[in-house]
Amino acid sequence: MPELFIGGTWTAAVDGQVREIRCPADNTLVATVDEAGPKDAAAAISAAREAFDRGPWPRTPAAERGRLLLRVADLLERDKDALARAESLDTGKRLVESEYDMDDIANCFRYFGNLTAAGGTDRVVDAGSPEVDSRVVHEPVGVCALITPWNYPLLQTAWKVAPALGAGNTFVLKPSELTPHTCIILMRLLTEAGLPAGAANLILGAGPTAGAPLSEDPRVDLVSFTGGLATGRRIMAAAAPTVKKVALELGGKNPNIVFADADFDTAVDYALMAIFLHSGQVCSAGARLLVEDELHDRFVDELIARARRIRLGGPFDEDARTGPLISAEHRDKVEAYVAAGIAEGAVLRCGGARPDDPALKDGYYYPPTVLDECTPGMSVVTDESFGPVLTVERFRTEDEAIGLANDTVYGLAGAVWTQDTGKGQRVAARMRAGTVWINDFHPYVPQAEWGGMKQSGFGRELGPAGLAEYQEAKHIWRNLAATPQRWFE
Ligand code: NAD
């Protein structure tokens with residue numbers, strides 16, 4: 001069956017292009033899928049436009065839209081095993097992590113289903129006269145282009161698809177060309193749940209050919225993008241001539257501040273998880289460890305001892321604790337950052353070379369790597385390498401810690417570790433990031449907004465603001481006693 005989904009029909013690419021999807025854990029062929037180009041993108045936009053302008057979905061009552069999202073959540077749970085397996089084959093991530101993702105994805109649909117069904121965003125406004133009925137209603141934005149990355153393929157997609165549909169929009173989804181399979185399955189589940197044809201459209205393919213037309217086309221009303229900073233800038237520029245709404249969820253270079261009074265064992269444990277989960281391919285990864293000077297030596301020694309024990313392996317290896325990088329190119333990039341860091345004076349304390357285990361030779365593995373004695377301005381400190389690379393910097397005072405934490409163009413997430421409640425609150429308040437954890441790392445819930453400050457982007461996903469991104473507020477003023485005003489007499 002072809003893999004592009006346009007106007008309710010599974011279809012092949014107009015130009016007959018296909019792409020091989022390979023598992024990064026061992027380079028085996030997962031499948032060959034259709035590869036869309038500009039003509040397919042245009043057809044998908046036409047279908048979404050038609051469905052928005054004349055189809056039933058935007059006119060479906062909110063309660064019914066909410067119920068559909070709840071049905072999708074049930075279907076995601078029913079098919080969790082197949083979805084998790086598909087996600088792991090495309091990404092190389094551990095099966096257990098994909099299973100967690102699928103639970104989160106079902107929860108996301110459930111949250112937006114309930115939020116949509118509850119309604120309540122429209123409101124009556126006091127216009128200062130009993131003869132005026134003044135209301136603010138919330139309408140869908142229109143045709144949404146949803147562009148997503150490879151690290152959490154279905155999770156990042158769910159954060160967009162659920163609120164977009166909840167608000168009554170139609171969409172064209174373009175997932176990463178490297179990881180299409182769970183998005184293909186999602187289209188089937190949306191159809192099974194009863195979504196009308198044309199409301200959801202899927203094109204697969206490369207960013208410049210399949211993705212770029214979505215930002216440029218005047219028939220698209222909104223682009224919601226999750227991915228890298230450079231691509232985000234391109235999308236914003238491409239969307240400017242048609243002044244479409246843009247939401248950008250970009251990268252991060254997230255600080256993890258550890259004060260000397262932190263619970264030692266817990267802070268070491270979480271520092272490892274913060275950066276090495278999914279081999280560092282997490283937008284909120286705690287890639288910059290900032291440790292109070294007096295704790296530094298003991299903390300880093302212990303961290304390295306434990307990092308060396310992290311076992312690499314494929315998605316179905318139950319003993320593995322982290323998997324491969326997504327591609328050969330990505331591993332080259334990570335390696336180059338490590339080399340640059342060492343050249344700039346960082347001290348390599350563990351990792352830093354491809355594993356020599358023959359069982360891993362066909363995958364794109366790179367070991368947990370710690371670069372100590374890093375300083376501001378090193379490229380490995382400032383740029384998002386998006387790999388299992390932890391840089392360590394020292395600080396002496398609270399002010400210095402905050403200065404280092406905020407010394408980045410990014411502002412996605414960060415954490416602070418201390419047993420002093422006041423200090424934790426003070427530092428959290430001064431960190432310029434969309435999410436701050438105190439004595440924790442990585443948790444999120446669909447009820448709370450997620451997004452970046454500074455060059456980590458703008459707009460919010462999840463939470464009530466995550467739904468509002470996909471809504472337009474419209475003020476309707478009804479004069480109940482209109483009489484001539486004789487303004488010009
Ligand atoms: P990427 O920017 O290379 O690609 C993301 C998506 O954009 C892909 O679907 C790609 O095909 C598409 N794309 C590329 N060029 C395009 C163009 N010109 N027009 C339209 N679409 C285009 O990012 P990636 O490597 O897939 O993902 C990793 C990045 O994503 C990291 O920087 C990471 O921090 C970020 N990310 C951010 C969040 C967040 O919540 N802020 C979440 C996950 C990932």
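When a ligand or atom number is given, it counts from 1 through the structure's own listing order. We use all heavy atoms of the structure for the numbers below, so side chains are in, but hydrogens, waters and symmetry mates are not.
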Any side-chain hydrogen bond (donor to acceptor under 3.5 Å, both in side chains) involving residues 280-291? Give me the pairs, sequence neighbours left out, ordered by first then second residue.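 Pairs touching residues 280-291 that pass the test: S284-H442.
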Using every non-hydrogen atom in the two residues, find where A415 and N256 come nearest and quote the distance to one decimal. CB-OD1, 3.5 Å
With no hydrogens and no angle check, do the side chains of T226 and T148 hold a donor and an acceptor under 3.5 Å apart? no
Taking atom types as modelled, is there a side-chain donor on E393 or T375 under 3.5 Å from an acceptor on the other? no
Carboxylate-amine/guanidinium proximity below 4.0 Å for R460 and E469: no
Could you walk me through whether R65 and L68 pass side-chain contact (heavy atoms from CB on, under 4.5 Å), step by step? CA-CA 5 Å; R65 295 201 303 267; L68 183 132; 5.7 Å; no
Protein residues having a heavy atom less than 4.0 Å from any atom of ligand 1: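 The 4.0 Å shell around ligand 1 contains I147, T148, P149, W150, N151, Q156, K174, P175, S176, E177, G207, G211, A212, F225, T226, G227, G228, T231, I235, E249, L250, G251, C283, E384, F386, L412, W450.
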